[in-house]
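In what follows, a single structure is set out as structure tokens and then discussed.
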Amino acid sequence: MTATGGHEGIYAYSDNITIGDEAKVTATGGEGYADICTYKEFINNSKEPLTAFVISVSESPEVYSATAYGKCDTNNYDDDISKLEVKENTELTVDRCTHIEIANAENLTVDGKIINNGTIVIPAEDCTKLTGKLTNNNMLTIIADDSVDAAEMIQGMGMEDGDGIIRVSNSDGSVSSMYTNDGTQLKTQEAIVIKDIADATDNTPTGEYFDENGKGYSWNAATKVLILKNIVPNKVEITSVNDVTIQIVGTAYVVEEFKFFGGETFQNKTVTITGERVKARYIKSENINVVIATQKANIEIIQNIFSLESGNFHDTQDSKLIFRNTRANLNSVVWIDRVPGQEKKSNTYGVALENSNVTVERSGESSMLFAGRITMDDSSVLTLKNTPIVNYGAYPDGLDGLADFLPKDGGYTIGQDPDAGEYSISNTILDANGKIVDTIVLKKERGHSLSGGGGG
């Protein structure tokens, strides 16, 4: 017997799901759905290997239990999961929208491996279960009392390769400290606000604000350099009519947003983020270019904005977003090319990859790669996962530079989205059937092998 699931996977609301010993099951749930889901019991007796993310829901009280088989992911399943089992020879990827919160140690069993791109909460006694089995790329919260040596506990988990942050909280949920995956404690900080406007009397003066361990930040008003060293600021706001460099030493995790403002008109100035690792929820930019040149970057949303209050629509569309010598993971890019009804075709505008490896992966309904002009060089890789390219169509040839990076097999082309409405013209990537493509890897083919490409 062979069973295949559809967009909602294989599901049953009133019956058990049992896979017999001779059955072969293929189940792939769509965005937000488990591969297999039952409100009763799931029983796997098959001799065949199973690849699936399985949810079993019990009622009174309602508990969502997850079991992972084979190499699978959570499909951005967003109901809170309170029990998890990862089978042997399994690699589970926890997607950005998935939240797993384990309250009791007996609710976590890990015989395989976990790649965490979402949110996982565990009690301190479960840390040993994850030793050598967890790659943390987003947020891991550990509930521990004050007697626990958090740095030593984290170092013992062997998570140096991931790009995430570890939050160590008390049992009441309050945050006691934050760490990188290698156990380095980060300094928490309220908003960092830098003002650098010509002839202003209240500009931010040069200053250093480091603790006794050298963690914190500094601003040099002469060189226009902001240093962030192993720090967790709530937000970073920079208003400047000059080129500004943000240098990351170790790790900077901006909880809310970077906000850059280049003045009332676009002066072709640039904020460059360089150094080691940066993580943030937002980067918002108005009337200033942004260059991301850190070794690694993990940003949920990057957006150039315009002021609705002032009606300052036109200038911000000339700005550019550049990824340079970096490896970046993003959930959404919104780099507006024009306001509907306006035609702007400045060659300075656009998103560019220079020796970089950039992944844009859908996480929630609002995720997108909105850009009318995208360029990349031969050493770069652009990966789209459930994230199509959309725009206002103001640059008819704005994506032509991507044609050389399309996979040679599959009949892919650059063209206009046939399903876009009259006021939603969108140039994008189409498949052989003329349908918009939302999952693809763009990179230069060299001979019979595909290039690796860019960025640390």
Side-chain angles (χ1 to χ4, degrees), residues 78 96-97 99 117-121 136-141 163-169 173-180 185-196 204 209 215-219 226-240 244-262 271-288 290-292 294 296-309 316 319 321 328-336 360-361 363-368 370:
D78 59 2
R96 177 79 71 166
C97 288
H99 179 82
N117 299 327
T119 305
I120 297 177
V121 181
N136 179 41
N137 291 324
N138 195 36
M139 181 62 69
L140 171 67
T141 297
D163 298 329
I165 298 294
I166 299 168
R167 185 196 311 262
V168 178
S169 299
S174 61
V175 176
S176 57
S177 51
M178 301 190 78
Y179 297 81
T180 61
Q185 186 171 358
L186 303 174
K187 173 181 168 56
T188 57
Q189 174 74 43
E190 291 302 316
I192 298 173
V193 179
I194 303 296
K195 185 176 181 181
D196 180 42
T204 305
Y209 310 93
K215 302 169 185 176
Y217 74 99
S218 67
W219 166 248
L226 174 66
I227 295 176
L228 304 177
K229 184 177 181 181
N230 288 327
I231 189 172
V232 183
N234 193 42
K235 58 183 176 180
V236 176
E237 295 185 5
I238 297 177
T239 300
S240 180
V244 174
T245 298
I246 301 174
Q247 183 179 348
I248 310 297
V249 180
T251 296
Y253 169 37
V254 181
V255 177
E256 291 187 9
E257 65 182 15
F258 283 104
K259 190 173 183 179
F260 307 138
F261 180 55
V271 174
T272 300
I273 307 174
T274 187
E276 296 178 61
R277 296 192 302 176
V278 63
K279 177 177 172 60
R281 186 180 181 195
Y282 278 101
I283 292 179
K284 295 180 180 178
S285 168
E286 182 176 355
N287 284 342
I288 198 163
V290 175
V291 175
I292 298 176
T294 50
K296 293 183 178 181
N298 190 325
I299 314 293
E300 287 193 37
I301 301 173
I302 302 178
Q303 180 177 15
N304 71 339
I305 59 177
F306 47 80
S307 173
L308 292 174
E309 290 79 9
T316 195
S319 61
L321 171 63
N329 291 295
L330 319 168
N331 293 127
S332 191
V333 175
V334 183
W335 210 255
I336 302 294
V360 187
E361 181 172 4
S363 175
E365 294 182 357
S366 62
S367 298
M368 66 182 75
F370 193 113

Tell me every residue that passes ring pair (Phe, Tyr, Trp, His ring centres under 6.0 Å) with Y253, counting only those two or more places apart in sequence or in another chain.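 Testing Y253 for ring pair (Phe, Tyr, Trp, His ring centres under 6.0 Å), a comparison that skips the adjacent residues, returns none.
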Could you work out, with ring pair (Phe, Tyr, Trp, His ring centres under 6.0 Å) as the rule, every residue matching F258, not counting sequence neighbours?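 Partners of F258 under the ring pair (Phe, Tyr, Trp, His ring centres under 6.0 Å) test: F260.
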Nearest heavy atoms of I273 and I283, plus distance in Å: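 Answer, listing the atom of I273 first, then I283: CD1-CD1, 4.1 Å.
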Please list, chain by chain and in numerical order, all residues satisfying side-chain contact (heavy atoms from CB on, under 4.5 Å) with [X], sequence neighbours excluded.
X	result
N298	R96, K279
S169	T141, I143, R167, V175
N137	I115, N117, T135, D163

Kindly write out the residues that satisfy salt bridge (Lys or Arg N to Asp or Glu O under 4.0 Å) with D78, not counting sequence neighbours, or none if the list is empty.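 By the salt bridge (Lys or Arg N to Asp or Glu O under 4.0 Å) rule, D78 matches no residue at all.
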Under the salt bridge (Lys or Arg N to Asp or Glu O under 4.0 Å) test, residues paired with K235 that sit two or more places apart: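 If we apply the salt bridge (Lys or Arg N to Asp or Glu O under 4.0 Å) test to K235, skipping adjacent residues, the hits are E237.
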Should we say atom NZ of K187 is surrounded by more than 12 heavy atoms from elsewhere, each under 6.0 Å from it?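 Yes, because the 6.0 Å sphere around NZ of K187 holds more than 12 heavy atoms from other groups.
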Contacts of [X] that satisfy side-chain hydrogen bond (donor to acceptor under 3.5 Å, both in side chains) - sequence neighbours left out:
X	answer
T251	R277
S177	Y179
N136	N116, N181

Pairs in or reaching into residues 246-258: which pass salt bridge (Lys or Arg N to Asp or Glu O under 4.0 Å), with residues at least two apart or in two chains?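 Only E257-K284 qualify under salt bridge (Lys or Arg N to Asp or Glu O under 4.0 Å).
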